[in-house]
Chemist: 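This structure is in structure tokens; I'll ask about it shortly.
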Amino acid sequence: MKVRTRFAPSPTGYMHIGNLRTALYEYLIAKAAGGDFILRIEDTDQKRYVEGATEIIYNTLKTVGMNWDEGPDIGGNFGPYVQSERKPIYAEYAHKLVELGGAHYCFCSKSEADEEKNEELNIKFKDPCKLIPLEEAKKRVAAGEPYVIRQNINKKGKSKYHDEVYGDIEIDYDELDEGVLLKSDGFPTYNFANVVDDHLMEITHVVRGNEYISSTPKYNLIYEDFGWEHPHYVHVPPVMKDAQHKLSKRNGDASFQDLVAKGYLPEAIINYIALLGWNPGTEEEIFSLDDLKKIFTVERLNRSPAIFDITKLTWMNGCYIRALSPEKFHKLASPYYQGMPLGVDQEALSRALHPRVETLGQIAEQTDFIRQLPDYSLDLYTNKKMKTDANIAKEVMPAIKEILSAQQDWSNDALFESLKALAEKLGVKNGQVLYPARIALSGKETTPGGATELAVILGKEESLRRIDAALAKL
RNA sequence: GGUCCCAUCGUCUAAUGGUUAGGACAUCACCCUUUCACGGUGGUAAUAUGGGUUCGAAUCCCGUUGGGAUCACCA
């Protein structure tokens with residue numbers, strides 16, 4: 001039997017990291033077995049629908065390379081793949097379930113049901129409508145009376161099932177709620193739609209957050225009532241913001257889009273989240289999506305929650321950036337060079353930046369001095385290790401100006417040789433020339449490159465202009 | 001509160017009865033060096049807790065503590 005998994009997000013306009021990780025595991029389980037990965041949109045809650053949200057889902061999956069084999073946009077043999085378009089299917093199966101004794105019609109209003117419940121005393125809603133004879137209930141439905149369809153939990157004792165991650169789970173049937181399966185607006189709840197769709201779409205492995213562990217017995221009951229075989233279950237632990245809180249939209253925690261906007265590479269994000277709750281059993285940790293397809297196994301999935309650590313993701317992103325070819329890095333960095341002065345050597349700038357940024361977003365702060373020389377303090381010229389200060393800068397700066405003005409070959413090596421020779425001629429340490437030159441060129445304590453690299457980046461004209469400014473300042 | 005789940009360095013994790021409890025990030029120190037990075041070397045740092053079982057427990061069992069989930073006409 002072909003392995004089939006599905007990613008079934010609801011279109012709320014936000015691709016959260018935990019969801020993306022679930023999608024990744026679903027994708028990997030299918031692809032590791034040569035199976036199919038299906039995309040299904042769960043939009044049964046009309047109140048929560050967000051315009052454009054499905055595009056975010058499509059774009060995210062495409063960006064990371066998780067291509068689906070069936071879905072709303074490309075179709076497939078088990079469509080439609082949008083739940084709101086499957087409304088008649090759920091109604092049909094819900095009424096069928098009533099006939100099979102797995103559910104009943106309920107005419108209570110929402111408030112009536114709420115009143116009967118008492119959470120403190122742990123009293124569950126006992127639906128009086130369950131006692132209405134089926135024939136009578138059907139007449140009331142036919143007469144147009146508003147109704148919902150509720151599940152029947154008639155079994156006693158313990159429900160047992162096996163989870164691929166958590167092992168054997170046992171839950172008492174008394175704990176289960178006789179929840180609504182078909183709402184009064186005719187839409188199914190998740191509790192019903194997921195079972196019907198997963199069965200009809202022949203999903204073999206249901207992968208979802210572990211908050212569903214305790215309601216899974218209810219779904220199994222539905223499978224049983226229909227005489228269907230239930231799928232393999234793979235419940236995964238949540239991705240946390242800290243020890244107490246899940247990553248959530250409400251807290252403004254980073255979504256996939258946010259991370260990309262900050263200059264994280266999709267490949268790095270995927271690599272990092274794959275390792276949040278899963279490990280390959282070796283000490284390697286850099287994996288492409290294709291690598292993961294080859295080595296992923298559910299056995300190595302973890303049971304405990306994992307805290308999302310942006311610091312480690314940042315490190316990993318740095319690894320991916322450094323692994324880029326110089327050309328590719330330059331291409332990715334270029335958008336951040338908008339509005340740079342004309343004389344700036346952008347390729348030299350990219351070479352300097354490449355090993356120095358861990359996210360593309362860091363380019364802005366690293367290059368701010370290029371657009372405009374900061375109004376720096378003379379204290380910057382003081383460096384103990386280099387044995388320099390403003391006085392020494394004042395002494396060497398005219399000579400630096402002279403050398404640079406006469407310099408023909410504006411390459412890094414040539415500039416370095418010239419300045420080194422100058423230091424020797426003046427009888428000072430190399431650093432006593434190079435350090436003041438770097439401060440004069442940048443006005444910053446730390447820069448992406450040394451004095452000569454900055455000179456190359458800025459170009460001769462701008463470099464000399466800055467040396468002059470330093471002369472005036474000193 | 002009932003039920004279910006979870007528990008190894010600060011963080012992600014390895015070790016499926018026998019290891020000086022391993023790796024990675026972070027952190028610290030040193031080296032390299034034209035500032036800062038990159039790179040290299042080394043260090044600090046963990047089995048929540050109490051009982052059992054066993055020659056031997058991070059690992060198996062029970063309790064405790066701590067945390068999370070669930071108990072919607074949300075998914």
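Each chain gets a letter, A, B and so on, in the order its sequence line appears, and its residues count up from 1.
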Chemist: Is any side-chain N or O of A/Tyr212 under 3.5 Å from a base N or O of B/A69, one able to act as donor and the other as acceptor?
Modeler: no

Chemist: With respect to the phosphate group of B/U35, does any side-chain polar atom (N or O) of A/Asn383 fall under 4.0 Å of OP1 or OP2?
Modeler: no

Chemist: Would A/Asp198 and A/Arg40 pass as an ion pair if we require N to O under 4.0 Å?
Modeler: yes

Chemist: Check the distance between B/U34's P and A/Lys385's NZ and give it to me in whole angstrom.
Modeler: 9 Å

Chemist: Measure the acute angle between the ring planes of A/Phe192 and A/Tyr90, then classify it against the limits of 30° and 60° as parallel, tilted or perpendicular.
Modeler: perpendicular

Chemist: Honestly, is A/Lys241 close enough over A/Phe308, meaning NZ or CZ under 6.0 Å from the six-membered ring centre and within 45° of the axis?
Modeler: no

Chemist: Could A/Arg140 and A/Phe107 be counted as a cation-pi pair, given that NZ or CZ must be under 6.0 Å from the ring centre and within 45° of the axis?
Modeler: yes

Chemist: Using atom C1' in both nucleotides, what's the gap between B/C12 and B/A26 to the nearest angstrom?
Modeler: 11 Å

Chemist: Of A/Gln366 and A/Ser10, whose closest RNA chain B nucleotide lies nearer the 5' terminus?
Modeler: A/Gln366

Chemist: When only distance counts, do a donor and an acceptor, one from the side chain of A/Arg356 and one from the base of B/U35, lie under 3.5 Å apart?
Modeler: yes

Chemist: Rounded to the Å, how far apart are A/Leu181 CG and B/C74 C1'?
Modeler: 15 Å

Chemist: Suppose you measure atom P in B/U54 against the same atom in B/A14; what distance do you get, rounded to whole Å?
Modeler: 30 Å

Chemist: Using the C1' atoms only, state how far B/U19 lies from B/A75, rounded to an integer number of Å.
Modeler: 46 Å

Chemist: Does A/Ser214 get its side chain close enough to the base of B/U3, under 3.5 Å, for a donor-acceptor pair?
Modeler: no

Chemist: Which whole number of Å gives the distance between the P atom of B/G40 and that of B/U47?
Modeler: 30 Å

Chemist: What's the CE-P distance between A/Met316 and B/C12, to the nearest Å?
Modeler: 14 Å

Chemist: Taking the cut-offs as 6.0 angstrom to the six-membered ring centre and 45 degrees off its axis, would you call A/Lys429 and A/Tyr435 a cation-pi pair?
Modeler: no

Chemist: Measure CH2/A/Trp315 against C1'/B/U27 and give the value in whole Å, please.
Modeler: 16 Å

Chemist: Please measure how far the P atom in B/G18 lies from the corresponding atom in B/U59, and state the result in whole Å.
Modeler: 11 Å

Chemist: Within less than 4.0 Å of OP1 or OP2 of B/U13, is there a side-chain N or O belonging to A/Asn302?
Modeler: yes

Chemist: Can you tell me the distance, in whole Å, between the CD1 atom of A/Ile269 and the P atom of B/C25?
Modeler: 20 Å

Chemist: With P as the reference atom in both, quote the distance from B/C5 to B/A21 in angstrom, rounded to an integer.
Modeler: 32 Å

Chemist: On the side chain of A/Ser184, is there an atom forming a donor-acceptor pair with the base of B/C73 - under 3.5 Å, no angle test?
Modeler: yes

Chemist: Take atom C1' in B/A45 and the same atom in B/G10, then report the distance between them in whole Å.
Modeler: 9 Å

Chemist: Does the side chain of A/Arg322 get closer than 4.0 angstrom to OP1 or OP2 of B/G39 through an N or O atom?
Modeler: yes

Chemist: Using a strict cut-off of less than 4.0 Å between a Lys/Arg side-chain nitrogen and an Asp/Glu carboxylate oxygen, indicate whether A/Lys218 and A/Asp177 qualify as a salt bridge.
Modeler: no

Chemist: Hey, which of these two, A/Val357 or A/Phe416, hits RNA chain B nearer its 5' end, going by closest nucleotide?
Modeler: A/Phe416

Chemist: Please measure how far the C1' atom in B/C25 lies from the corresponding atom in B/C9, and state the result in whole Å.
Modeler: 12 Å

Chemist: Under 4.0 Å: is that the gap between some side-chain N or O of A/Lys384 and OP1 or OP2 of B/U35?
Modeler: no

Chemist: Would you say A/Lys183 reaches B/C74's phosphate, i.e. side-chain N/O to OP1/OP2 under 4.0 Å?
Modeler: yes

Chemist: Does A/Ser442 place a side-chain N or O at less than 4.0 Å from the phosphate oxygens OP1/OP2 of B/U35?
Modeler: no

Chemist: Do A/Arg438 side-chain and B/U34 base share a donor-acceptor contact under 3.5 Å?
Modeler: no

Chemist: Looking at every strand, decide which applies to A/Ser304 at a 4.0 Å heavy-atom threshold: base, sugar-phosphate, or nothing.
Modeler: sugar-phosphate

Chemist: Please state whether the phosphate of B/A15, meaning OP1 or OP2, lies under 4.0 angstrom from any side-chain nitrogen or oxygen of A/Arg300.
Modeler: yes

Chemist: State whether A/Arg466 and A/Glu462 are salt-bridged, where the test is any N-O pair (Lys NZ or Arg NE/NH1/NH2 against Asp/Glu carboxylate O) under 4.0 Å.
Modeler: yes

